[in-house]
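I'd like to ask you about the structure that follows.
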Amino acid sequence: MPRLLFEKTGKAVWISHLDLMRLFQRAFKRAGLQLKHTQGFNPRPSVSIALPLSVGVESRCELLDFDLDGQDIQPEEILTRLNTALVDGVRVLQVYESGRKLRDLALLSCVVTLEYDNGVGADTADAIEKLFSRESLPVSKKSKNGPVEQDIIPMIRNLEIRQADDSTVEIHALICCQNPSMNPMQLSGAVERYLPEYRPDNAVCRRVELYDNQETIFR
Amino acid sequence: MTNLLQRVLPTVQKPARYTGGEFNEIKKDLADVRVRVAFCFPDTYEIGMSNVGMRILYGVMNRMDGVWCERVFAPWGDMEEAMEKHSLPLWALESQSPVKDFDMIAFTIGYEMCYTNILNMLRLAQVPLHAKDRQGLKNIVFAGGVCAFNPEPLADFVDFFSLGEGEEITPEILSLYDRAKAEDWSKDQFLAAVSQIPGIYVPSFYAHEYAPDGTLARVVPSQGAPETVTKRIIEDLDSAYFPTKMIVPSTEIVHDRANLEVFRGCIRGCRFCQAGFSCRPVRKKSAHVLYRQAVETLEDSGHNEITLSSLSTSDYRHLKELTDAMIPYCADHKVNLSVPSLRADNFSRELMQRLQTLRKSGLTFAPEAGTQRLRDVINKNLTEEEILNSCTNAFAGGWNNVKLYFMLGLPTETDEDVLGIADLVYKIIQAWKEHAVNKKRGLRVHVATAYFVPKPHTPFQWEAQITPEEYLRRAKLLKNHFYSKSIEYNYHEPDLSRLEAVFARGDRRVGPVIEEAMKRGARLDGWDEYFSYKTWLEAFEACGVDPDFYTVRGYGQDELLPWDMIDVGVSKAFLLRERKKAYGAVVTPDCREGCSGCGANCLLKEVDCDA
């Protein structure tokens with residue numbers, strides 16, 4: 001099944017996962033690309049997104065699998081046509097015949113930006129660094145049955161704290177995104193919970209790249 | 001750093017409805033813009049973006065040189081709270097600029113119970129509520145839509161109303177404003193000039209005087225404003241502007257599909273229906289124009305569903321020609337074609353089979369009244385035989401689901417009429433027992449009753465609304481006669497319909513009640529989550545206004561009505577004739593069987609009424 005890599009930035013970060021699926025289905029139609037439909041009582045166009053993205057999170061590494069209905073169109077052509085049919089902020093970066101099996105997807109690199117309106121305190125970066133060197137760090141995560149506690153330390157492959165400017169600190173991390181998985185927002189969640197005195201005024205999250213277990217880029 | 005809105009968005013439900021940025025959204029360079037219009041829909045994004053009228057006028061305004069029209073919707077409660085907390089003024093989606101920075105603020109009003117939303121949106125925009133408190137040409141507030149056919153409840157707040165269909169009048173208004181702004185006119189100067197555009201009603205130019213008994217005694221126009229204002233219509237729909245490049249929302253809305261209006265007006269004349277009279281005369285649209293617009297809209301938007309809409313789509317003359325063309329196109333392109341509000345005639349049944357809409361929705365009827373006598377009173381030309389025939393056919397075809405809609409409190413209604421609803425339902429159950437091919441799952445009959453609201457510009461515009469207590473008595477009487485397990489009966493609570501009746505026929509004295517209710521927290525009244533009857537009753541009390549004056553009192557036939565200076569085309573003499581016939585239970589055949597002389601054809605100069 002063909003796959004495409006796309007980014008979701010700007011205003012588009014506020015589009016939910018289900019709405020994004022609908023948006024792509026319509027964009028394919030606008031681009032004159034007929035999607036294959038699922039069989040059954042209520043046929044649906046077949047598109048699926050690898051890792052659902054939380055509302056408000058930016059990403060440069062989203063994967064979407066799709067299946068065209070009998071049309072033989074070059075990947076470059078699909079990319080060009082889709083990009084004129086999509087909304088600002090959703091942009092296809094690459095289209096290819098088929099990708100790796102999704103079960104091999106294991107790791108996600110992400111950046112969480114912590115914003116301090118009154119400036120970053122001198123010891124903030126150190127305190128955060130220290131927090132993530134703990135043995136265990138239970139943080140709650142939203143699930144279908146309400147919030148659940150999860151120790152995030154075993155799911156962080158590596159982590160680096162950078163002070164970007166006077167008012168922002170960035171957490172660059174490589175984390176597990178499948179079996180088991182954590183949400184990057186749990187990184188700022190940990191700061192808020194365990195370091196109330198370093199609680200940021202706002203936190204923004206960005207997905208950067210996907211990897212397999214050997215830390216090879218996943219496509 | 002993130003801005004304030006970006007920080008608020010993660011904290012609210014469905015943030016995408018506040019950001020704009022959808023496909024086909026229109027952006028302009030402010031350097032080229034002379035007139036900025038904030039086009040406000042007084043309900044949420046999901047409701048407003050489903051409104052075809054708003055989409056047409058968005059296109060109409062934005063294709064004007066120097067005009068940029070942007071959209072504004074009512075925020076949901078969580079967003080309103082966040083806006084108040086952070087002093088974030090209401091903004092327009094396209095530019096994200098505050099509404100208070102706009103030249104003109106336009107509202108489209110389709111429902112009386114969104115009046116508090118209008119005031120609340122002005123308040124959240126930090127724009128003065130009262131027209132007299134807004135000085136100069138900035139923030140001129142104007143409004144249109146069906147509720148503008150009785151504009152008086154909003155007279156204190158809205159600078160002027162635009163009556164009828166907006167495709168032609170709106171550019172006239174904006175061009176005048178453009179000139180007024182360039183020549184630095186005063187607001188009074190602009191209002192005087194705009195009141196000369198046919199179809200414009202400037203409420204501050206009409207003084208209302210009341211008699212000692214509280215009824216309206218006199219309306220005195222001033223500043224050269226016309227004595228009656230006649231609504232505007234589009235004569236030739238084929239050549240009228242229709243945007244085929246429509247905004248495609250990035251988040252789900254109520255009617256998430258393309259929507260094509262096949263004709264305007266109605267030939268039916270159901271005596272309770274405001275749209276049926278106020279949208280006359282009937283004007284056709286050609287099947288080939290509709291087909292072209294359907295294809296263009298679908299290809300541009302990527303929608304997988306299209307609706308053919310109108311007040312009664314079965315009455316569209318070229319429905320067969322249009323659907324014959326559209327069904328193959330839709331099948332090829334995997335698009336659902338939906339044709340709602342079909343009548344129970346043979347062609348429609350066959351069409352429903354072809355569209356397979358029966359499979360999805362089952363059968364829905366709106367007999368509105370339980371006995372033939374009362375259906376004749378309201379001129380609802382639907383017979384028991386037609387209903388039972390359709391049901392029998394559907395049951396024989398394997399369907400086991402029927403929805404029936406009625407009203408309680410219609411003029412001349414007796415207990416016999418109320419119980420006639422139960423009789424009809426039992427006849428349907430009997431038909432199912434005799435004809436159903438698949439009885440295993442049983443039959444579901446959903447019955448819903450609404451509380452009749454008399455509306456302006458209908459033959460029932462003078463009628464008294466029954467009291468809420470009487471409505472509930474009738475609803476309970478009916479409920480006591482439903483003892484089959486197959487029946488699911490829901491009756492609307494009377495509170496909302498009582499208020500709707502007040503504002504539908506209200507005069508200027510109900511304006512302060514709307515303001516008071518809004519200040520006491522009333523908003524989003526059309527939503528169960530927010531509607532508070534208690535708040536409204538307190539507001540009436542505080543303003544010393546008696547709702548009964550507008551509901552159970554009824555209006556005298558010789559009384560000056562608050563909306564008498566608005567001419568929708570249908571004459572008062574015709575409405576009176578129809579009222580008289582209603583009392584004699586005499587039906588008026590539909591306009592195609594013979595013209596009943598409603599008078600709306602006088603609005604046409606170039607074409608004939610297509611009824």
Side-chain angles (χ1 to χ4, degrees), chain A residues 8-38 41-45 54-58 69 81-82 84-90 113-117 119 164-168 185 188 200-205, chain B residues 1-25 27 45-46 49 79 86 93-96 244-253 256-258 295-306 330-336 356 359-360:
Chain A
K8 189 169 173 237
T9 60
K11 283 180 177 179
V13 303
W14 306 107
I15 302 172
S16 72
H17 173 68
L18 284 177
D19 286 335
L20 187 68
M21 302 266 282
R22 254 191 299 268
L23 188 143
F24 263 106
Q25 288 162 3
R26 285 175 187 163
F28 272 98
K29 246 184 145 89
R30 292 196 281 261
L33 303 166
Q34 188 133 310
L35 288 166
K36 226 175 231 164
H37 279 60
T38 57
F41 190 71
N42 231 340
R44 293 186 173 282
S54 304
V55 172
V57 178
E58 185 180 301
D69 201 3
R81 282 211 225 165
L82 271 180
T84 46
L86 280 164
V87 298
D88 278 357
V90 181
T113 307
L114 308 175
E115 301 179 345
Y116 295 89
D117 294 349
D165 57 47
D166 289 351
S167 55
T168 50
M185 286 311 275
S188 54
D201 295 290
N202 192 47
V204 186
C205 180
Chain B
M1 285 286 265
T2 47
N3 65 30
L4 181 54
L5 185 60
Q6 285 168 312
R7 290 190 183 186
V8 166
L9 288 171
T11 68
V12 300
Q13 293 174 50
K14 304 185 194 168
R17 54 187 165 173
Y18 302 111
T19 60
E22 310 94 320
F23 186 74
N24 276 342
E25 170 192 75
K27 292 248 199 184
Y45 178 91
E46 297 91 306
M49 284 305 294
M79 179 54 103
H86 300 285
L93 296 189
E94 280 75 1
S95 65
Q96 304 276 308
T244 49
K245 282 186 172 300
M246 292 215 210
I247 293 177
V248 185
S250 300
T251 178
E252 198 170 14
I253 59 170
D256 214 354
R257 56 187 87 102
V295 171
E296 278 176 33
T297 306
L298 285 168
E299 295 196 340
D300 184 76
S301 69
H303 277 297
N304 59 6
E305 185 169 0
I306 185 163
C330 289
D332 279 357
H333 294 81
K334 297 208 164 65
V335 171
N336 271 325
Q356 295 197 318
R359 191 177 297 278
K360 280 187 192 156

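All values below come from the heavy atoms of this structure, side chains included, with hydrogens, waters and symmetry mates left out. Source: prediction; values computed, not measured.
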| said: So for A:Leu18, is it side chain, backbone, both, or neither that comes closer than 4.5 Å to the heavy atoms of chain B? | reply: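 For A:Leu18, no heavy atom lies under 4.5 Å from chain B.
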| query | Under a 4.5 Å heavy-atom cut-off, does chain A meet the side chain of B:Glu252, its backbone, both or neither? | reply |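 B:Glu252 touches chain A through backbone and side-chain heavy atoms alike.
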| message | I need the residue from A:Ala85, A:Pro45, A:Gly56 with the largest number of non-hydrogen atom pairs under 4.5 Å to chain B. | response |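 Most pairs with chain B among the choices: A:Ala85.
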| Quick one: what part of B:Lys334 sits under 4.5 Å from any heavy atom of chain A, side chain, backbone, both or neither? |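 Its backbone and side chain both get close to chain A.
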| request: For residues A:Lys11 and B:Gln96, determine if any side-chain heavy atom of one lies less than 4.5 Å from a side-chain heavy atom of the other. | output: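 Side-chain contact under 4.5 Å: yes.
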| task | Decide yes or no for A:Lys29 and B:Glu299: does some side-chain heavy atom of the first lie under 4.5 Å from some side-chain heavy atom of the second? | result |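 No - every pair of side-chain heavy atoms lies 4.5 Å or more apart.
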| Side chain to side chain, A:Val55 and B:Pro15, heavy atoms closer than 4.5 Å |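 Side-chain contact under 4.5 Å: yes.
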| request: Counting only heavy atoms closer than 4.5 Å, note whether A:Asp165 contacts chain B via side chain, backbone, both or neither. | output: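 The answer is neither part of A:Asp165.
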| field | Polar contact flag, side-chain donor to acceptor under 3.5 angstrom, B:Ser250-A:Asp19 | value |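 Looking only at side-chain atoms, A:Asp19 and B:Ser250 do not form any donor-acceptor pair under 3.5 Å.
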| Highest number of heavy-atom pairs under 4.5 Å with chain A: which of B:Asn304, B:Asp256, B:Val248? |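 Maximum pair count with chain A is reached by B:Asp256.
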| task | Answer yes or no: is there a side-chain heavy-atom contact under 4.5 Å between A:Val87 and B:Glu25? | result |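 Result no, sub-4.5 Å side-chain heavy-atom pair not found.
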| query | Is it the case that more than 12 heavy atoms not belonging to A:Asp166 sit under 6.0 Å from its CG atom? | reply |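 No, CG of A:Asp166 has 12 or fewer neighbouring heavy atoms, counting only those of other groups under 6.0 Å.
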| query | chain B heavy atoms under 4.5 Å from A:Ile15: which part of the residue, side chain, backbone, both or neither? | reply |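 The answer is both parts of A:Ile15.
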| query | Is any side-chain heavy atom of A:Asn202 closer than 4.5 Å to a side-chain heavy atom of B:Gln6? | reply |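 No - every pair of side-chain heavy atoms lies 4.5 Å or more apart.
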| request: Answer yes or no on whether A:Arg30 is positioned over the face of B:Phe23, meaning its NZ or CZ is under 6.0 Å from the six-membered ring centre and within 45° of the axis. | output: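 Judged by the rule (NZ or CZ under 6.0 Å from the ring centre, within 45° of its axis), A:Arg30 counts as positioned above B:Phe23.
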| message | Taking the basic N atoms (NZ, or NE/NH1/NH2) and the acidic carboxylate oxygens, is any pair closer than 4.0 Å for B:Lys27 and A:Asp88? | response |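 Answer for the salt bridge query: no.
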| Rounded to the nearest 0.5 Å, how far apart are OG1 of B:Thr19 and CH2 of A:Trp14? |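 With rounding to 0.5 Å, OG1 (B:Thr19) is 9.0 Å from CH2 (A:Trp14).
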